[in-house]
Amino acid sequence: MAHRYINRVATPLAISLVSLEWYRATPSRPNLDLPTFQLRTGTATPPSTTDRWLSLTTFVKDSSADCDSDSNIEEMNEYPHFSKWHRSLMRKHLTPEVFAQLKDLRTSNNYTINDVIKSGTACGYSLPRNMGCMAGDYESYQIFKPFFDPVIREYHDFSPTSRHTTDIDPGHLKSQPNLDPNSEYVLSTRIRVSRSISGLPFPPASSRGQRRTVEDVSRKCVSRLSGDLAGMYISLNDMTNSENDDLIQRHLLFDNPDEWSITAGLSKDWPDARGIYMNVDDVEDTPDFIVWVNEEDHLRIMTMKKGGDIAAVFEKLARGLNEIEEGLKAEGHDFLHDDHLGYVVGCPSNLGTGMRASMHVKLIRLSKLEGFNEMCVRMGLEVRGKHGETDKSKSGIFDISNRHRLGFSEVELIQLMIDGVTELVSMEKDLEKG
């Protein structure tokens, strides 16, 4: 049944990549400075077929480089070409010197610096979280440390010598109010965390067999969940077209591949060994505890609930994490964690807690005031439209979440959400009163 995914999303890119292989084999390649067109979304006018595959070319000679030796010429021929459309932390911190230092290194899973930066060089702009890089395994953060450390420092304001604190005990919260018992302002609450399974490479570096091992181990772990966490696991290979579409439309299942996930190596062998666990008995029911398997991370574990009782959502998440962790240990694995980076996953933006706690909050009047976004940033909050990163909400309903992941514990971030959203709702009420 894999054909339905490929035909739906991958055909234009597949044509481009075939052209790219021919292009790389062609002598006297030009130095290009073209925008990259997004497969799923984007504001640029779609380029011609020729421009499209040319814009995917990343490893070309920089003819303007000042090379004073044969070795420097060779190194500059290997250095990625960046245009004005490449805007990411990867682009900023991958200097020619850092690239030359790392280009011949590889992890035990054969992951190289070129694999690390592949999504950022091919896609250019509109990258998730503005990163442009993905680690392939735990070793990537050590072997490519001269590149990853500056990226992590800038994104998280976290130094290479700092230690991360983990605390997933809901009993440690200072206050546990339901922020809006009548759901007049806080419409829903959701918390998700990213996790890697120890001893296995991350999805960008996984082989077909390793990916199937992740699914097999995960399936065994979730089958042990009990009580209000008990439910069903469905592999994408076992879904019908209508089930797949329905789960995506209901925002319960991850999307099918786009250009970024393909170039990042996250969509290899799609949809093989991907799936979803839900604490329901029927796929048409609505769950409040979900586990995604082999999307961007080995596991994405999430809980959600109508209204603003974030403490109750956090409590359920903590129970689920504890039970899954016990299941992993029974299978000879664990969540991948260290004292410096916390929970270690492929995207540097999700290091630390790997947690995004979010609330859909109705702030019709407050959001119209100049400086609304900047005020939320000062409170440690991030503001999106209710449909995600690219939604510029005009409805007055916003997705409010924690900005930080690394350097703060889970309890600290949930408390920050409680305090921050409470204040935002209070200001909205004051504006209503005039």
Side-chain angles (χ1 to χ4, degrees), residues 1-14 39-41 128 188 190 192-197 200 202-204 206-226 228-305 317 320 323-324 327-328 331 345-346 387-388:
M1 299 178 69
H3 66 277
R4 70 177 186 269
Y5 301 96
I6 295 172
N7 290 341
R8 189 179 304 166
V9 300
T11 302
L13 184 63
L39 184 65
R40 185 191 297 158
T41 60
S188 63
R190 177 178 178 270
R192 69 91 172 141
V193 295
S194 301
R195 292 291 185 268
S196 298
I197 298 175
L200 292 164
F202 305 152
S206 291
S207 67
R208 187 181 298 112
Q210 290 165 330
R211 196 176 301 109
R212 289 173 177 171
T213 297
V214 170
E215 184 182 38
D216 183 57
V217 170
S218 302
R219 192 195 300 263
K220 291 176 180 176
C221 290
V222 296
S223 69
R224 295 185 174 96
L225 294 173
S226 59
D228 62 350
L229 298 175
M232 59 190 296
Y233 179 82
I234 312 175
S235 177
L236 262 61
N237 273 332
D238 297 329
M239 287 183 189
T240 65
N241 283 337
S242 59
E243 286 174 338
N244 179 261
D245 290 340
D246 178 63
L247 289 171
I248 292 174
Q249 290 298 317
R250 291 160 61 195
H251 304 289
L252 300 176
L253 180 64
F254 43 84
D255 284 335
N256 293 322
D258 61 6
E259 184 174 4
W260 172 78
S261 66
I262 292 171
T263 56
L266 299 172
S267 304
K268 292 178 289 186
D269 306 305
W270 190 275
D272 189 78
R274 278 85 174 182
I276 181 173
Y277 175 84
M278 302 180 287
N279 65 333
V280 292
D281 296 322
D282 190 295
V283 70
E284 294 184 1
D285 293 338
T286 300
D288 60 9
F289 181 83
I290 294 174
V291 182
W292 290 350
V293 177
N294 279 326
E295 187 233 9
E296 182 178 326
D297 304 294
H298 290 156
L299 300 172
R300 284 210 169 179
I301 304 163
M302 60 199 82
T303 51
M304 64 281 295
K305 185 177 182 179
L317 177 71
E323 290 194 30
I324 292 173
L328 286 174
E331 297 296 323
V345 293
H387 295 302

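If you're wondering where the values come from, they're calculated on a predicted model, not measured in any experiment.
- For the atom pair I324 CD1 and Y277 OH, the distance stands at 8.0 Å (nearest 0.5 Å).
- Side chain of S218 to backbone of V214: a donor-acceptor contact under 3.5 angstrom is found.
- Contact check for W270 versus I262: no side-chain heavy atoms found under the 4.5 Å cut-off.
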Dump the intermediate steps for side chain to side chain contact (heavy atoms under 4.5 Å, CB included) on M278 and V283, then the final yes or no. CA-CA 8 Å; M278 302 180 287; V283 70; 4.0 Å; yes
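- No side-chain heavy atom of Y233 sits under 4.5 Å from any side-chain heavy atom of S223.
- The shortest distance between side-chain heavy atoms of L299 and V293 falls below 4.5 Å.
- N244 places no side-chain N or O within donor-acceptor distance of the main-chain N or O of M239, the cut-off being under 3.5 Å.
- Taking each heavy atom of L328 and C221 in turn, the nearest pair found is N-SG, 3.3 Å.
- No donor-acceptor pair closer than 3.5 Å links the side chain of R300 to the backbone N or O of W292.
- Between D297 and P203, the closest heavy-atom pair is C-CG, 3.8 Å.
- At most 12 non-hydrogen atoms from other residues, nucleotides or ligands lie less than 6.0 angstrom from CG of D281.
- Between I197 and T213, every side-chain heavy-atom pair lies at or beyond the 4.5 Å cut-off.
- Considering R219, R211, R212 in turn, R219 is the only one that fulfils the salt bridge (charged side-chain N to carboxylate O under 4.0 Å, His left out) rule with E215.
- The NZ atom of K268 sits 6.5 Å away from the OG atom of S206 when rounded to the nearest 0.5 Å.
- In this structure the side chain of S188 never reaches within 4.5 angstrom of the side chain of M304, judged on heavy atoms.
- D245 contributes atom CG, which lies 7.5 Å from atom CG of N256 (distance to the nearest 0.5 angstrom).
- The minimum heavy-atom distance between R208 and D269, with the atom names listed, is NH2-OD1, 2.9 Å.
- In this structure, L252 and P287 have side chains that are in contact, with non-hydrogen atoms separated by less than 4.5 Å.
- Counting only distance, with no hydrogens or angles, the side chain of R274 and the backbone of D272 share a donor-acceptor pair below 3.5 Å.
- Contact between I301 and R195 at its shortest, heavy atoms only, is CD1-CG, 4.3 Å.
- Contact detail for M232 and I234: the closest heavy-atom pair is CE-CD1, 3.7 Å.
- Pairing each heavy atom of D285 with each of R250, the nearest pair is O-NH2, 2.7 Å.
- Note that CG of L253 and CD of E243 are 11.0 Å apart. Values are rounded to the nearest 0.5 Å.
- A donor-acceptor contact closer than 3.5 angstrom links the side chains of N279 and D288.
- Once rounded to the nearest 0.5 Å, the distance linking CZ of R224 with CD of E331 reads 5.0 Å.
- Put simply, the side chain of M302 does not reach to within 4.5 Å of the side chain of L317, judged on heavy atoms.
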For S226 and E323: C-alpha separation, side-chain torsions, deciding distance, then whether side chain to side chain contact (heavy atoms under 4.5 Å, CB included) applies. CA-CA 9 Å; S226 59; E323 290 194 30; 3.9 Å; yes
